[in-house]
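To keep things clear, I will list the structure first and then write my remarks on it.
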Amino acid sequence: MIVLGIETSCDETAAAVVSDRREILASRVLSQIDDHRPFGGVVPEIAARSHLTQIEGMIRDAMAAAGLGFQDLDAVAATAGPGLIGGVFVGVMTGKALAAARGLPFIAVNHLEGHALTVRLSDDLAFPYLLLLVSGGHCQLLAVEGVGRYRRLGGTLDDAVGEAFDKTAKLLGLGYPGGPAVERAAKQGDPDSLRLPRPMMGRANLDFSFSGLKTAVRQAVADRPRPLGEQAAADIAAAFQAAVGDILADRCKRALAVFAADYGCRGPLVVAGGVAANLYLRAALRALAEAEGCRFLAPPQGLCTDNAAMIAWAGVERLRLKLTDPLDFAPRPRWPLESLSRDATAKDKAS
């Protein structure tokens, strides 16, 4: 099976072609960072217009790179949510048009499921596994039981991890995008120069909170002379990143115990999403997994940030199970991953 994937949920316009042999035949990603940098964040209208302008060329480029014609495809998959609704509409309507014109199945992919299943593209991992999904808009722990079957174990009560990185970068004057900027600055800083809080650490539940950490960073900046020097910014960045690493490791350690009790196996622990590209955080989670005696997996960095290969792969996974969608499927700005499990249960009862 060969599936074309389309991703337009935020500020990357992407197209990819993937086979059921776990081959990425082509993957093209066009970033809009330069378009949004003057505003310090993603402007939805600018993003949607850019997707509309670029998507056709990206698809043609991906198909040409794969050396395939549209007649060689078995399905078209597109991110149908969650995301910025203008961009999601562009991808979904483009995918539907291609599917209708070529008589192909259309697959509406939950963007978060794309992240959740990417490790099965890169590592051919069996179900079930424990997933830490961390990105600009999401921070949650999930038991991945199968395609379309997710059990939420815990999540953030306020900011997502990526959001906290972006806000910290803005406070430190590090520019946009915030995550990579904080990681670069932290390499030059001393994480022990400042003790920041670790919200929720040691709690029995599996939730996260980052608003207090963000507030502590703001106070640390306010307490220092202005303008903030490079070394001071680097030290705060390092302290912030270390705090996030400790929080994630603590929450995952607790989740591994819950997962073992519920599923009878110790992991594996998987991290996915844009923040999973952070090498410091990967190292912290890998150290935790080793200490807990379980396997640790993360997709290659290029498959952590938004891309269409993960959408195409989720399409492959769903096509195998004949989980296709009608052409009147409505894009969704909000689409909790665990709702896929409720939908699957409802379909099972109906059949």
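Side-chain heavy atoms closer than 4.5 Å link hydrophobic residues (I, L, V, M, F, W, Y) into clusters, and following such links, possibly through other members, connects Leu248 to Leu256. There is a path of hydrophobic side-chain contacts, each under 4.5 Å, that joins Leu281 to Leu269. Under the 4.5 Å side-chain heavy-atom criterion for grouping Ile, Leu, Val, Met, Phe, Trp and Tyr, Met310 is connected to Leu337 within one hydrophobic cluster. No continuous path of hydrophobic side-chain contacts links Met1 to Phe70 [ILVMFWY only; heavy atoms under 4.5 Å]. The cluster map of Ile, Leu, Val, Met, Phe, Trp and Tyr, joined by side-chain heavy atoms under 4.5 Å apart, puts Leu157 and Phe208 in different clusters.
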Go through the steps to decide whether Val119 and Leu131 satisfy the test side chain to side chain contact (heavy atoms under 4.5 Å, CB included), and finish with yes or no.
-> CA-CA 10 Å; Val119 71; Leu131 172 68; over 6 Å; no
Assess whether salt bridge (charged side-chain N to carboxylate O under 4.0 Å, His left out) is satisfied between Lys187 and Glu183, documenting all intermediate values.
-> CA-CA 7 Å; Lys187 292 178 181 178; Glu183 184 178 11; 5.2 Å; no
Evaluate the side chain to side chain contact (heavy atoms under 4.5 Å, CB included) criterion for residues Phe210 and Val161: first the C-alpha distance (whole Å), next the side-chain angles of each, then the deciding distance (0.1 Å), finally the verdict.
-> CA-CA 7 Å; Phe210 294 99; Val161 185; 3.6 Å; yes
What's the verdict on side chain to side chain contact (heavy atoms under 4.5 Å, CB included) for Arg224 and Ile236, showing C-alpha distance, side-chain angles and the deciding distance?
-> CA-CA 11 Å; Arg224 283 160 173 74; Ile236 296 174; 3.8 Å; yes
Does the side chain to side chain contact (heavy atoms under 4.5 Å, CB included) test come out yes or no for Leu104 and Leu98, once each step is laid out?
-> CA-CA 8 Å; Leu104 296 170; Leu98 283 171; over 6 Å; no
Salt bridge (charged side-chain N to carboxylate O under 4.0 Å, His left out) assessment of Asp34 paired with Arg37 = CA-CA 5 Å; Asp34 290 342; Arg37 182 175 284 116; 2.7 Å; yes
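Looking only at distances, a side-chain donor or acceptor of Arg254 sits under 3.5 Å from a matching main-chain atom of Ala204. Side chain of Asp325 to backbone of Ala108: a donor-acceptor contact under 3.5 angstrom is found. Between the side chain of His138 and the main chain of Gly162, no donor-acceptor pair closer than 3.5 Å is present. Side chain of Arg295 to main chain of Ala289: no donor-acceptor pair is present (N/O by atom type, distance under 3.5 Å, no hydrogens or angles).
Aromatic ring centres of Phe165 and Phe240: separated by under 6.0 Å.
Of the charged side-chain nitrogens involved, none lies within less than 4.0 Å of a carboxylate oxygen, so that Arg286 and Glu290 do not count as a salt-bridged pair. One finds a salt bridge joining Arg49 and Glu45 here, because a Lys/Arg side-chain nitrogen approaches an Asp/Glu carboxylate oxygen to under 4.0 Å. Comment: Arg151 does not engage Glu145 in a salt bridge, judged by the lack of any side-chain N to carboxylate O separation of less than 4.0 angstrom. Salt bridge absent: Asp158 and Lys214 never bring a charged side-chain N and a carboxylate O closer than 4.0 Å.
Atom CD in Gln140 sits 6.0 Å away from atom CG in Leu112 (nearest 0.5 Å). For the atom pair CZ of Phe259 and CG of Leu142, the computed distance is 11.0 Å after rounding to the nearest 0.5 Å. The CD atom of Glu56 sits 13.0 Å away from the OG1 atom of Thr13 when rounded to the nearest 0.5 Å.
For residues 119-141, the set of pairs meeting the salt bridge (Lys or Arg N to Asp or Glu O under 4.0 Å) definition, not counting sequence neighbours, comprises Arg120-Glu317. Pairs of residues two or more places apart, or lying in two chains, that qualify as side-chain hydrogen bond (donor to acceptor under 3.5 Å, both in side chains) and include a residue from residues 73-102 are Glu7-Thr79.
The ring pair (Phe, Tyr, Trp, His ring centres under 6.0 Å) test applied to Phe329 returns Trp335, not counting sequence neighbours.
Using a 4.5 Å heavy-atom threshold, the side chains of Leu194 and Asp235 count as separate. Looking at heavy atoms from C-beta onward, Lys167 lies out of side-chain contact with Arg218 at the 4.5 angstrom threshold.
The aromatic rings of His115 and His111 sit perpendicular, their planes meeting at an angle over 60°, well past the 30° parallel limit.
Taking every heavy atom of both residues into account, Gly137 and Ala160 meet most closely at C-CB, 3.5 Å.
Asp159 and Ser211 share no side-chain donor-acceptor pair at under 3.5 Å.
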